[in-house]
Every structure is written in C-alpha cells, then in structure tokens.
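What follows is a set of notes on a single structure, which appears directly below.
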Protein chains: 2
Amino acid sequence: MAKIQKDLFSKKDVEYAALSKCLAHPARLMILDILSKHKDRTCKELVFDIPLSQSTVSKHLNDLLAIGLICRKVSGAQSLYTLEWNKLTRFFELTNRLSKGMMPHRPKRNCC
Amino acid sequence: MAKIQKDLFSKKDVEYAALSKCLAHPARLMILDILSKHKDRTCKELVFDIPLSQSTVSKHLNDLLAIGLICRKVSGAQSLYTLEWNKLTRFFELTNRLSKGMMPHRPKRNCC
DNA sequence: TTTATTCATTGTATGTTTACGATAAGTGTT
DNA sequence: AACACTTATCGTAAACATACAATGAATAAA
C-alpha cells in the first residue's frame with residue numbers, strides 16, 4: 001500500500017501534488033532553471049552542469065518529460081530538451097490560486 | 001543510495017525541494033487547506049475529513065510538523081493543530097521568486 | 001566498416017514513502 | 001480504580017525514489 005490513493009482526493013489536489021513532486025528534487029529544479037535560461041540543452045550539457053551521473057540525470061529528465069514539464073527533440077545522435085512553458089506556467093498559476101485561497105484567512109498573529 | 005545528495009546542490013534548491021515534497025501529497029494539501037480556514041483543528045476532526053486511517057493522518061501531520069508548516073498544542077486529551085502562516089508564506093514567496101527568475105525568458109511560442 | 005559519441009534503458013542496491021492495524025500513553029469520566 | 005476517548009508510535013508490508021555501472025541503440029566520424 002505505497003501508492004497514493006488518488007481516487008480518494010480531488011482531481012485538483014492530485015494534479016498539484018504530482019507537479020509538486022516533480023519540483024521536490026534539487027536536480028530537477030536545476031534542470032528547469034537551466035532550460036528556462038537557454039532555448040534548448042542536450043543531455044550532455046545538462047550532465048556537465050548537474051553533479052550526478054549521466055544515467056541519473058537521464059532518469060530525472062524522464063520524470064520531467066512524463067509530467068509534461070519539458071519536451072524532447074532528437075537531433076542526430078543527441079537529444080535536445082526544451083522547457084514546456086505552458087505547463088510551468090500552469091504550476092505557477094495553481095500555486096497562486098492556492099495561495100489566494102488560503103492567505104485571505106491569515107490572522108494578525110501566529111500561534112508559535 | 002536513495003538519499004538526496006544535499007551537499008551537491010544549493011541551499012536554496014534543497015530548501016525549496018523539501019517544501020515541495022511536503023505539498024506533494026493530496027492529504028497534506030487537504031490538511032493545509034483545512035487549517036487555513038479554521039483557527040485550529042484536532043487530529044480527530046482532520047481524520048473525519050480525510051479519507052485515510054487515524055495513524056496515517058497522524059503521520060502526515062508529523063511530516064508537516066517536521067518542516068514547520070504546522071504547529072501542535074496539546075490540550076487535555078487532544079492535540080490542536082494550527083497553520084504556521086509564516087512558513088507557508090515563505091513557500092509562496094519562494095515560488096514567486098522562482099517564477100520571476102524563470103518567466104522573463106519565456107519565448108512567444110512553445111516548441112511542442 | 002570500424003570507431004567514437006551521445007543518450008536511453010536495464011540491472012541492481014538501498015533508502016524512503018505510504019498505509020494500516022495494533023498498541024501504548026495520556027486525559028477525562030464514572 | 002476502572003473505563004472510554006484521543007492521539008502518537010510501533011510493527012509490518014508493499015510500492016516508489018534515488019543513484020550508479022553497464023549495456024544497448026543509434027548517429028556521426030574515421
């Protein structure tokens with residue numbers, strides 16, 4: 001019983017949780033950051049910047065691909081990765097909505 | 001070798017990844033949402049709203065406690081949980097900063 | 001056609017997460 | 001003191017995540 005029981009929760013929460021999980025690793029944050037500052041990057045270039053093995057970086061790229069945060073284009077012997085801006089924007093918008101849904105209730109003082 | 005190699009990445013990325021991981025489960029999102037709309041909640045009340053067992057909800061509460069997103073006050077036989085607004089605000093601010101650091105480079109058209 | 005380059009995938013080891021039932025530990029009640 | 005109530009923790013099990021070396025597959029270069 002390790003799998004999250006998705007059917008028990010709202011679609012919105014499940015989607016946001018899945019996106020959050022993708023941002024829950026420093027290497028994946030680095031990849032997104034690098035891709036946001038360059039039109040595209042090859043796997044090799046990313047491996048050069050990220051202090052992990054080629055196969056591990058490739059795995060992280062797969063995770064980001066799977067949820068649609070990045071895109072792959074094969075070009076000869078190499079793979080070109082680009083950022084999926086629409087998906088990233090969606091995450092930021094969802095966070096904003098979440099923030100706006102919670103923060104209005106914020107009290108003047110905290111408890112702890 | 002399953003542990004994230006924290007020393008290989010920036011403090012900022014490690015902190016943001018840890019916070020993201022806490023938001024990466026629908027049950028924990030529910031807890032934060034409920035606590036944002038009520039001054040405090042007992043464990044029992046949260047268990048009533050969340051479709052998981054008492055011990056599992058308690059575990060999620062511990063995770064949120066550990067990173068400082070919520071606070072516990074013992075009151076007689078029960079535990080009162082409250083939201084740590086400062087910590088939640090910090091997450092939203094970090095996301096905003098991340099967004100601002102990435103989005104300026106957004107091109108007019110996407111690749112895929 | 002060999003050889004090198006690039007990258008995904010496979011195999012493997014280990015640690016973590018999710019989940020529940022059962023139990024323990026505390027408080028309040030009778 | 002005995003009982004019920006609330007909650008944390010322990011024990012357990014299965015799935016998932018992290019990481020690397022090795023291998024495979026495809027392209028480019030010699």
Side-chain angles (χ1 to χ4, degrees), chain A residues 1-9 13-14 17-31 34-35 40-67 69-82, chain B residues 1-9 13-14 17-31 34-35 40-67 69-82:
Chain A
M1 294 162 202
K3 193 166 214 138
I4 293 180
Q5 323 250 264
K6 293 183 183 172
D7 20 331
L8 301 179
F9 300 97
D13 279 357
V14 170
L19 276 168
S20 291
K21 191 179 270 185
C22 254
L23 301 205
H25 195 291
R28 291 193 291 266
L29 288 174
M30 278 191 78
I31 292 171
I34 292 169
L35 291 185
D40 48 44
R41 293 270 104 174
T42 65
C43 178
K44 194 198 179 187
E45 290 171 318
L46 291 167
V47 169
F48 183 82
D49 282 336
I50 296 167
L52 294 171
S53 75
Q54 184 266 322
S55 58
T56 302
V57 170
S58 201
K59 175 63 166 57
H60 284 305
L61 287 169
N62 256 329
D63 293 342
L64 291 166
L65 256 181
I67 208 165
L69 272 168
I70 64 175
C71 170
R72 168 166 70 208
K73 259 188 214 150
V74 178
S75 161
Q78 45 200 12
S79 285
L80 283 174
Y81 286 96
T82 53
Chain B
M1 294 164 199
K3 193 166 213 140
I4 294 178
Q5 323 249 265
K6 293 184 184 174
D7 20 330
L8 301 179
F9 301 97
D13 278 357
V14 170
L19 275 168
S20 289
K21 191 180 269 188
C22 252
L23 300 205
H25 195 293
R28 292 193 290 267
L29 288 174
M30 278 191 77
I31 292 171
I34 291 169
L35 291 185
D40 49 44
R41 293 270 105 173
T42 65
C43 177
K44 195 197 178 188
E45 289 170 321
L46 291 166
V47 170
F48 183 82
D49 283 336
I50 296 167
L52 294 172
S53 75
Q54 183 266 321
S55 58
T56 303
V57 170
S58 200
K59 176 63 165 57
H60 285 305
L61 288 168
N62 256 330
D63 294 343
L64 291 166
L65 256 181
I67 208 165
L69 271 168
I70 63 174
C71 168
R72 170 166 67 207
K73 260 189 214 150
V74 178
S75 160
Q78 46 201 9
S79 285
L80 284 174
Y81 287 95
T82 54

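In what follows, chains carry the letters A, B, and so on, assigned in the order in which the sequence lines appear, proteins first and then strands, with residues in each chain numbered from 1.
B:Q78 has its CD atom 13 Å from the P atom of D:dC5, to the nearest Å. Straight-line distance from the CG atom of A:L29 to the P atom of D:dT18: 12 Å, rounded to whole Å. Taking atom CG of B:D40 as the reference point, atom P of D:dT7 lies 12 Å away to the nearest angstrom. The distance from atom CG of A:D7 to atom P of C:dA19 is 11 Å, rounded to the nearest whole Å. Atom-to-atom, CG of B:L64 to C1' of C:dT18 comes out at 14 Å; the value is rounded to the nearest Å. Taking atom CD on B:Q54 and atom P on D:dA8, their separation rounds to 7 Å, with Å as the unit. As rounded to whole Å, 13 Å separates atom P of C:dA8 from atom CG of A:D63. Here C:dC7 presents its C1' atom at 13 Å from CD of A:E45, a figure rounded to the nearest Å.
Taking CG of A:L8 as the start and CD1 of B:I50 as the end, the distance is 11.5 Å to the nearest 0.5 Å. Put simply, CG on A:L64 and SG on A:C71 are 12.5 Å apart, with the number rounded to the nearest 0.5 Å.
Residue-to-nucleotide proximity on DNA chain D shows that, of A:V74 and A:L52, the 5′-proximal contact is made by A:L52. Both A:L61 and B:S75 sit near DNA chain C, but only A:L61 has its closest nucleotide nearer the 5' end. Of the two residues contacting DNA chain C, namely A:L8 and A:S58, the nearest-nucleotide position lying further toward the 5' end is that of A:S58.
Between the side chains of A:Y81 and A:R41, no donor-acceptor pair is found at a separation under 3.5 Å. For the residue pair B:S55 and B:S58, no side-chain donor N or O sits within less than 3.5 Å of a side-chain acceptor on the partner.
The side chain of B:R72 contributes no N or O atom lying less than 4.0 Å from OP1 or OP2 of D:dT7. Side-chain N/O atoms of A:H60 include none lying less than 4.0 angstrom from OP1 or OP2 on D:dA17. Between B:N62 and D:dT9 there is a side-chain polar atom (N or O) within less than 4.0 angstrom of OP1 or OP2. OP1 or OP2 of C:dT6 has not a single side-chain nitrogen or oxygen of A:Y81 nearer than 4.0 Å. In this structure, A:R28 reaches the D:dT18 phosphate: one of its side-chain N or O atoms is under 4.0 Å from OP1 or OP2. Contact annotation: B:S79 side-chain N/O to D:dT6 OP1/OP2 distance is not under 4.0 Å. Residue A:K21 has no polar side-chain atom (N or O) positioned under 4.0 Å from OP1 or OP2 of D:dC16.
Residue-level contact check: B:T56 touches the bases, meaning some heavy atom is under 4.0 Å from a base atom.
The side chain of B:T42 lies closest to D:dT7, out of C:dC20, D:dT7, C:dA8. Considering only side-chain atoms of B:C43, the nucleotide from C:dG21, C:dT5, D:dA8 that sits closest is D:dA8.
Ring geometry for A:H25 versus A:H60: interplanar angle of 30 to 60°, hence tilted.
Note on B:D40 versus B:K73: no salt bridge recorded, every NZ/NE/NH1/NH2 to OD/OE distance being 4.0 Å or above.
A:S55 contributes a side-chain N or O that forms a donor-acceptor pair with the base of D:dA21 under 3.5 Å.
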